[in-house]
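Single-structure report; data block below.
Computed over heavy atoms, backbone and side chain alike; hydrogens, waters and symmetry mates excluded. Remember, predicted model here, so these are calculated numbers, not experimental data.
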Amino acid sequence: MTPRTATTIDSLITPQRDGEILVWPEPASLTQMAEKNQRHRRSWSLNILDRPIGEWLGQSLAGPPIVMVGHQPSFFHPGVLAKNFVAGALATRLGSKAQYLVVDSDASRGVTISWPELDQGLCRAASASAFPRHAAAYEQLPPMSAGQWRSFFDQVIANGPLKSNSMALFVEPFIAAPNQPGDYTTRWIAASSNVEQAVGAGELSYCRVSHHFDFQDRDGARRAAAFVGHVLLGATRFARAYNDALSHYRRERGILGVQHPVPDLKHAGDKIELPFWVVSGPAPRRRLWASVGNDRVELFAEDESIGATDSVELRRDPAAALCKMLGVWHIRPRALALTLCARMFLCDLFIHGIGGAKYDQITDEIARAFFQIDLPPFACASATLRLPLNAFDCHDDTQFDPERRLRDIRFNPHRYLDGPNMMTLKAQREQAIALAAQLREDSPREHRARREAYSLIQIANAAYLAEAPARVSELQREWESHRQHRLHNMTALSREWFFGLYSTDALTSLAARVRKLVNGDGSEPQK
């Protein structure tokens, strides 16, 4: 069931036309929005772990407003890249550098890249995965040599129908990056930043989720530790606020169940699930549970106890207390917890894609209920670029379904074949259908008679098809050709291809038009 539209954000849709850009709210207003958001964060009077939040935010409020985007280090399409272009252009206007939150804590799903291939003039999607499709997060991926990565990318370069100069800008720094912990993400950052700089996206500062949430001696990690510690000490109240926000979101949009868009947090005895993962080494991520009481906090990787700490220590120095308690384990935020932390502790303006913008309305409700604050409003950006691949002029009637007709002619040939010789067959078929309906109604247990009546329908259908085999073959060829052309168009006109497959001219043009919009001298139509 399609969710109801409850807000303006719910009504945002993916740009449909090639080259179309979506920026919400009005792009020329983003500069003032970021500055207003920073003033709003400065005005907060709440305490985090018994200290004013300003002590935790520190230098993040001292300079120009901080603009942030975030995404997994995957081979994403130019619509995602458009967020970076908006962030880079806006940060330049503000006199700062945009921050890119690399979500290396998400499941990698094998690191898959897809590309279009031509086979006898028809376009089809091909793909390859660098790793087995398991649940490992990007930060957990094992290192691969430069030669192995070269072979991986050569599949795309050799088999794709287009030779893109952006691909070389991505692949060469990816392969040349030194092997080190977090090998894959290190390579991906080097490659992505090279493309972005080449097409005029502005300079982005990359920061990994795994670095913020390792709770080491960095300003961002110190703030992330304060966020986690505060949530742990208020676990029961936080879980209630989280589930209530989800319930409200679903109710307003007519979404049934407790699994979408994300599952509710659960309770089991004195243990409470919280929206974090815990990871250790290469083992799969597990959900974090907490037991809080009697001035003691104990953490669990689902059913396994992984450490405990004194509440006083957690308030006094959350980073040290968390590191000591976790040992070989690491905490990583799930989706809503990540954007809650980012918008509250790490930046002044977060720029989402369309999906993230819709779901982050839940985060707004969580913050109001648990922290009793209004989070700084976020922005949204996306775009559509298509590869220069030819498309067929297909039937534009949305009711015309060639796959359905290819099936339907076998069971309902009378819809497609007519003529004087078929009047007798039509009568026989209608009589057989009437007999089958009567038996189903009056004698449902007469299985043999009902099978025989059904056989009469099949015989009539076969006779229909045998009466005009040339016409049947002609229709089937026509519909099959139309089916293949539709599949070709779905592939050729997809907006989902990796941005490295597009020419640098196309990406440079997109970045330039985004800059004009943000600077207030563009005329791109807005959704």
Side-chain angles (χ1 to χ4, degrees), residues 15 17-21 71-85 88 110-131 144-177 184 186-202 204 382-393 484-514:
R17 297 188 298 273
D18 185 19
E20 185 180 358
I21 301 167
H71 204 271
Q72 301 89 345
S74 59
F75 302 118
F76 50 69
H77 57 83
V80 176
L81 199 63
K83 298 188 303 182
N84 302 7
F85 294 167
V111 183
T112 298
I113 187 169
S114 299
W115 65 92
E117 285 187 353
L118 290 177
D119 182 11
Q120 297 181 348
L122 295 174
C123 198
R124 62 183 180 86
S127 64
S129 296
F131 301 94
M144 283 187 10
S145 69
Q148 289 173 309
W149 282 116
R150 174 74 69 184
S151 298
F152 174 72
F153 287 112
D154 279 350
Q155 299 175 81
V156 188
I157 297 168
N159 297 315
L162 304 170
K163 305 306 175 188
S164 163
N165 44 3
S166 299
M167 197 68 181
L169 288 172
F170 185 90
V171 171
E172 294 310 318
F174 189 103
I175 291 173
Y184 169 78
T186 299
R187 293 179 182 277
W188 183 89
I189 290 173
S192 297
S193 60
N194 192 53
V195 174
E196 288 166 352
Q197 291 177 31
V199 302
L204 279 76
S382 187
T384 288
L385 279 187
R386 306 196 193 281
L387 291 172
L389 296 170
N390 293 330
F392 292 101
D393 184 14
Q484 292 185 358
H485 288 178
R486 276 192 168 183
L487 291 174
H488 167 95
N489 285 359
M490 287 175 60
T491 305
L493 300 179
S494 172
R495 66 185 291 272
E496 301 294 322
W497 303 117
F498 169 46
F499 67 80
L501 299 177
Y502 295 76
S503 70
T504 53
D505 286 346
L507 298 179
T508 300
S509 174
L510 180 64
R513 287 188 291 118
V514 165

Contacts of type side chain to side chain donor-acceptor pair (under 3.5 Å), residue Gln148, not counting sequence neighbours: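 For Gln148 the side chain to side chain donor-acceptor pair (under 3.5 Å) partners, ignoring immediate neighbours, are Ser145.
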
Side chain to side chain donor-acceptor pair (under 3.5 Å) partners of Ser129, counting only residues at least two apart: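 Listed in chain order: Thr112.
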
Nearest-0.5 Å distance that lies between atom [atom1] in [X] and atom [atom2] in [Y]:
X      : Y      : atom1 : atom2 : answer
Leu510 : Thr384 : CG    : OG1   : 10.0 Å
Ile113 : Ser74  : CD1   : OG    : 10.0 Å
Asn390 : Asn489 : CG    : CG    : 10.0 Å
Thr504 : Asn165 : OG1   : CG    : 3.5 Å

Heavy atoms only: give me the nearest [X]-[Y] pair and the separation to one decimal.
X      : Y      : value
Ile175 : Arg187 : O-NH1, 2.9 Å
Leu507 : Ser166 : CD1-OG, 3.7 Å
Ala125 : Trp497 : CB-CH2, 3.9 Å
Leu501 : Ser114 : CD1-O, 3.8 Å

Ser382 and Arg495 side chains, donor-acceptor separation under 3.5 Å: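 Judged by distance alone, the side chains do pair up.
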
Distance-only side-chain donor-acceptor flag, Thr491 / Arg124, under 3.5 Å: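 Result is no, nothing qualifies.
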
Side chain His488, main chain Cys123, donor-acceptor under 3.5 Å: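 Between the backbone of Cys123 and the side chain of His488 there is a qualifying donor-acceptor contact (under 3.5 Å).
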
Do [X] and [Y] touch side chain to side chain, with heavy atoms closer than 4.5 Å?
X      : Y      : answer
Phe131 : Met144 : yes
Ser151 : Gln155 : no
Asp393 : His485 : no
Phe85  : Val199 : yes

For His71, the option from Trp188, Phe76, Phe499 that meets ring pair (Phe, Tyr, Trp, His ring centres under 6.0 Å):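 Single ring pair (Phe, Tyr, Trp, His ring centres under 6.0 Å) partner of His71 among Trp188, Phe76, Phe499: Phe76.
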
Ring geometry between Tyr184 and Trp149 (parallel below 30°, tilted from 30 to 60°, perpendicular above 60°):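 Rings of Trp149 and Tyr184: tilted, as their planes differ by 30° to 60°.
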
Residue of the set Phe153, Trp115, Tyr502 for which side chain to side chain contact (heavy atoms under 4.5 Å, CB included) holds with Met167: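 Of the listed residues Phe153, Trp115, Tyr502, the side chain to side chain contact (heavy atoms under 4.5 Å, CB included) partner of Met167 is Phe153.
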
Residues Ile21, Val514; criterion side-chain contact (heavy atoms from CB on, under 4.5 Å); working and verdict: CA-CA 8 Å; Ile21 301 167; Val514 165; 3.9 Å; yes

Lys/Arg N to Asp/Glu carboxylate O, Arg150 vs Glu172, below 4.0 Å: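 Glu172 and Arg150: salt-bridged.
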
